[in-house]
Amino acid sequence: MQDSPLAMDGYSSNVPAFLTKLWTLVEDPETNHLICWSLNGTSFHVFDQGRFAKEVLPKYFKHNNMASFVRQLNMYGFRKVVNIEQGGLVKPERDDTEFQHLYFLQGHEHLLEHIKRKVGDLIQFLFGQLQSNPGSAGIKRKL
Amino acid sequence: MQDSPLAMDGYSSNVPAFLTKLWTLVEDPETNHLICWSLNGTSFHVFDQGRFAKEVLPKYFKHNNMASFVRQLNMYGFRKVVNIEQGGLVKPERDDTEFQHLYFLQGHEHLLEHIKRKVGDLIQFLFGQLQSNPGSAGIKRKL
Amino acid sequence: MQDSPLAMDGYSSNVPAFLTKLWTLVEDPETNHLICWSLNGTSFHVFDQGRFAKEVLPKYFKHNNMASFVRQLNMYGFRKVVNIEQGGLVKPERDDTEFQHLYFLQGHEHLLEHIKRKVGDLIQFLFGQLQSNPGSAGIKRKL
DNA sequence: TCCGTTCTAGAATATTCGCTT
DNA sequence: GAAGCGAATATTCTAGAACGG
């Protein structure tokens with residue numbers, strides 16, 4: 001792989017690194033045995049969390065922990081897809097984790113721009129207060 | 001050096017020294033192993049920051065610090081190009097830093113004139129206010 | 001290393017990882033040629049930034065950039081010690097950077113607990129507002 | 001005046017840990 | 001018990017500020 005389509009025109013898009021890396025990861029046929037699109041392209045699977053964490057993650061991120069990867073997924077609004085057989089009594093035949101996001105769709109890389117990183121509720125609340133308080137204009141600008 | 005090509009067409013171009021030095025630096029085939037144009041000529045790469053800082057910078061500037069060089073780049077509106085393969089735990093094969101500016105293009109030296117040194121945001125804001133406020137003529141003269 | 005001496009006396013010390021790593025780094029005789037205490041033990045020196053960044057930093061941190069190391073130092077209130085001879089025209093004989101903090105003293109590891117990480121001015125201001133505003137108790141509890 | 005160099009800080013994302021639901 | 005989240009620190013990129021020429 002040479003250039004990501006997102007970064008090919010010389011100026012950087014405002015899509016956070018996590019999303020472009022995730023996209024690259026899921027697309028890359030080299031790692032399809034560990035992470036790949038679902039059949040209909042609306043979600044992605046991680047097989048064998050252990051190997052995925054130790055072999056794939058450190059190539060793109062500054063860690064090798066599945067938990068940190070999942071934390072980022074949640075920060076960007078991805079949700080785990082719960083499979084029926086996973087919750088049952090019979091042990092699933094495969095270590096298979098699935099995540100989904102409305103704007104993470106195979107063949108629609110431009111939709112990544114609509115995936116927004118969450119911000120803490122406290123910060124959001126305080127920002128709202130500042131917005132509605134005319135007296136805080138000076139503080140906002142300078143602080 | 002006698003005449004800069006930038007100043008040969010009858011009107012004096014006031015391109016700051018930093019930009020002409022940067023251009024010379026990137027063009028110079030002698031230092032292409034440490035700093036050179038990207039393949040398509042829309043950005044430039046610095047390889048091996050340490051050697052670049054100690055060997056190349058002092059030939060053009062009054063320092064040998066990568067940090068000061070980067071500060072100048074940002075002052076003139078250059079942005080770092082973030083590569084996806086860097087940023088992992090596993091060290092990339094090459095120490096490669098890339099910067100880009102809309103008007104820093106291989107083969108278009110005359111565009112350097114459009115690269116403007118930034119002034120502080122606060123100063124910029126105040127200047128904008130003065131521009132749109134007719135009553136501030138006296139202030140404008142003094143400030 | 002089993003137990004940090006900081007946590008052995010019955011109460012848990014919450015010294016951030018950066019400070020304990022920095023302490024270990026400066027103390028370690030193996031790396032004294034790149035980072036070590038000053039003669040009187042009130043500051044520390046980094047020699048040869050380039051080698052320090054590439055060889056030492058990644059053993060303790062998830063990066064190999066001097067700039068990131070310096071950002072952390074400033075976050076914790078360390079200040080660069082400016083040497084007279086470094087600013088002169090004659091090139092200094094050695095690449096020597098020195099940092100200091102009131103509570104970073106050789107032989108007094110327990111003082112690390114007094115080094116506080118800085119927090120943004122805006123956050124600090126907003127927190128102060130919440131503290132002095134009784135009506136925000138519910139928000140504080142829930143958010 | 002504007003530019004150059006240095007040191008420090010802002011701001012956004014990234015990583016980790018522990019709690020809540 | 002697992003999924004999701006809050007909060008603190010960590011890393012990166014850019015900007016502020018002071019000073020000198």
Side-chain angles (χ1 to χ4, degrees), chain A residues 12 14-21 57 60-82 86-87 97 99 116-124 142-143, chain B residues 14-19 21 57 60-65 67-82 86-89 97 99 116-124 143, chain C residues 14-19 21 57 60-82 86-87 97 99 116-124 142-143:
Chain A
S12 74
N14 42 12
V15 175
F18 175 75
L19 294 175
T20 60
K21 289 176 178 178
L57 287 181
Y60 293 85
F61 304 102
K62 292 184 184 302
H63 65 81
N64 54 12
N65 310 305
M66 185 67 182
S68 296
F69 180 65
V70 173
R71 185 70 191 87
Q72 282 283 70
L73 288 171
N74 285 326
M75 283 290 278
Y76 284 95
F78 285 77
R79 312 306 292 241
K80 183 166 184 171
V81 178
V82 182
Q86 300 277 33
T97 313
F99 284 93
K116 295 305 177 189
R117 193 174 200 268
K118 292 183 182 177
V119 128
D121 285 341
L122 175 57
I123 300 295
Q124 199 119 48
K142 193 57 189 147
L143 292 185
Chain B
N14 278 329
V15 176
F18 174 76
L19 293 175
K21 289 176 178 178
L57 286 181
Y60 292 82
F61 306 101
K62 298 188 200 309
H63 65 82
N64 58 5
N65 309 306
S68 296
F69 181 64
V70 173
R71 185 69 192 88
Q72 283 282 70
L73 288 171
N74 284 325
M75 284 285 274
Y76 283 96
F78 285 77
R79 314 301 294 240
K80 182 163 185 171
V81 178
V82 180
Q86 78 188 54
L89 264 189
T97 312
F99 283 93
K116 297 302 179 190
R117 192 178 199 264
K118 291 185 182 179
V119 296
D121 284 342
L122 177 56
I123 301 292
Q124 199 121 47
L143 290 185
Chain C
N14 278 331
V15 176
F18 175 76
L19 294 175
K21 288 176 178 178
L57 286 181
Y60 292 81
F61 306 100
K62 293 181 187 299
H63 66 82
N64 56 5
N65 310 307
M66 186 68 180
S68 296
F69 181 65
V70 172
R71 186 69 192 89
Q72 282 283 69
L73 288 170
N74 285 324
M75 283 289 277
Y76 283 96
F78 285 76
R79 313 302 293 242
K80 183 163 185 171
V81 178
V82 181
Q86 298 278 32
T97 312
F99 283 93
K116 296 304 178 189
R117 194 174 200 270
K118 292 183 183 179
V119 123
D121 286 340
L122 175 57
I123 301 294
Q124 199 121 48
K142 193 59 190 142
L143 293 184

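Just so it is clear, the values below take in all heavy atoms, side chains as well, and ignore hydrogens, waters and symmetry mates. Per chain, numbering begins at 1; letters A, B, ... match sequence-line order. This structure is a prediction, so every number in the text was calculated from the model and none was measured.
- Look at CZ on Arg71(C): it is 11 Å from P on dA11(D), rounded to the nearest Å.
- Computed from coordinates, the Lys21(A) NZ to dT11(E) P distance equals 14 Å when rounded to whole Å.
- In this structure, Arg117(C) atom CZ and dA9(D) atom P are separated by 12 Å, rounded to whole Å.
- The minimum heavy-atom distance linking Thr20(A) with Ala17(A) is given by the pair OG1-O, 2.9 Å.
- Heavy-atom nearest nucleotides on DNA chain D were determined for Leu19(B) and for Phe99(C), and the one closer to the 5' end corresponds to Leu19(B).
- Summarising the geometry, atom CG belonging to Leu73(A) is positioned 11.0 Å from atom NZ belonging to Lys80(A); distances are rounded to the nearest 0.5 Å.
- Taking every heavy atom of both residues into account, Ser68(B) and His63(B) meet most closely at CB-CE1, 3.6 Å.
- The line from CG of Asn74(B) to CZ of Arg79(B) is 7.0 Å long, rounded to the nearest 0.5 Å.
- At whole-Å resolution of the value, CZ in Arg79(B) and C1' in dC13(E) are 8 Å apart.
- Within the model, atoms NZ of Lys118(C) and OH of Tyr76(C) stand 12.0 Å from one another, a figure rounded to the nearest 0.5 Å.
- Asn65(B) and Leu57(B) make their closest contact through O-CD1, 3.6 Å (heavy atoms, listed as atom of the first residue, atom of the second, distance).
- One interatomic measurement links the two molecules: NZ of Lys80(B) to C1' of dT13(D), which rounds to 14 Å at whole-angstrom precision.
- Between Asn14(C) atom CG and dA7(E) atom C1' there is a gap of 13 Å when expressed in whole angstrom units.
- Along DNA chain E, the nucleotide nearest Met75(A) and the nucleotide nearest Ala17(C) are compared for position; the residue whose nucleotide lies closer to the 5' end is Met75(A).
- Separation of atoms CG (Asn14(A)) and CG (Leu19(A)) is listed at 11.0 Å; rounding is to 0.5 Å.
- Judged by closest nucleotide on DNA chain D, Tyr60(B) is the one of Tyr60(B) and Asn74(C) placed further toward the 5' end.
- Scanning both residues, Lys21(B) and Phe61(B), for their nearest heavy atoms gives CD-CE2, 3.6 Å.
- Following rounding to the nearest Å, Gln86(B) (CD) and dA14(D) (P) show an atom-to-atom distance of 13 Å.
- Here dA14(D) presents its P atom at 17 Å from CD of Gln72(C), a figure rounded to the nearest Å.
- Near DNA chain E, defined here as any heavy-atom distance below 4.0 Å, the residues from residues 61-70 of chain A are Lys62(A), listed numerically.
- Map Gly77(B) and Lys118(C) each onto its nearest nucleotide of DNA chain E; the residue landing nearer the 5' end is Lys118(C).
- As judged by a 4.0 angstrom heavy-atom cut-off over every strand, Tyr76(B) is placed among residues touching the sugar-phosphate backbone only.
- The overall bend of the helix from dC2(D)-dG21(E) to dT21(D)-dA2(E), read as the angle between its terminal helix axes built from five base pairs each, is 30° when rounded to 10 degrees.
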| message | Before you tell me yes or no, could you show the steps for Phe18(C) and Phe69(C) under side chain to side chain contact (heavy atoms under 4.5 Å, CB included), namely the whole-Å CA-CA distance, both residues' side-chain angles and the distance that decides it to 0.1 Å? | response | CA-CA 9 Å; Phe18(C) 175 76; Phe69(C) 181 65; 4.0 Å; yes
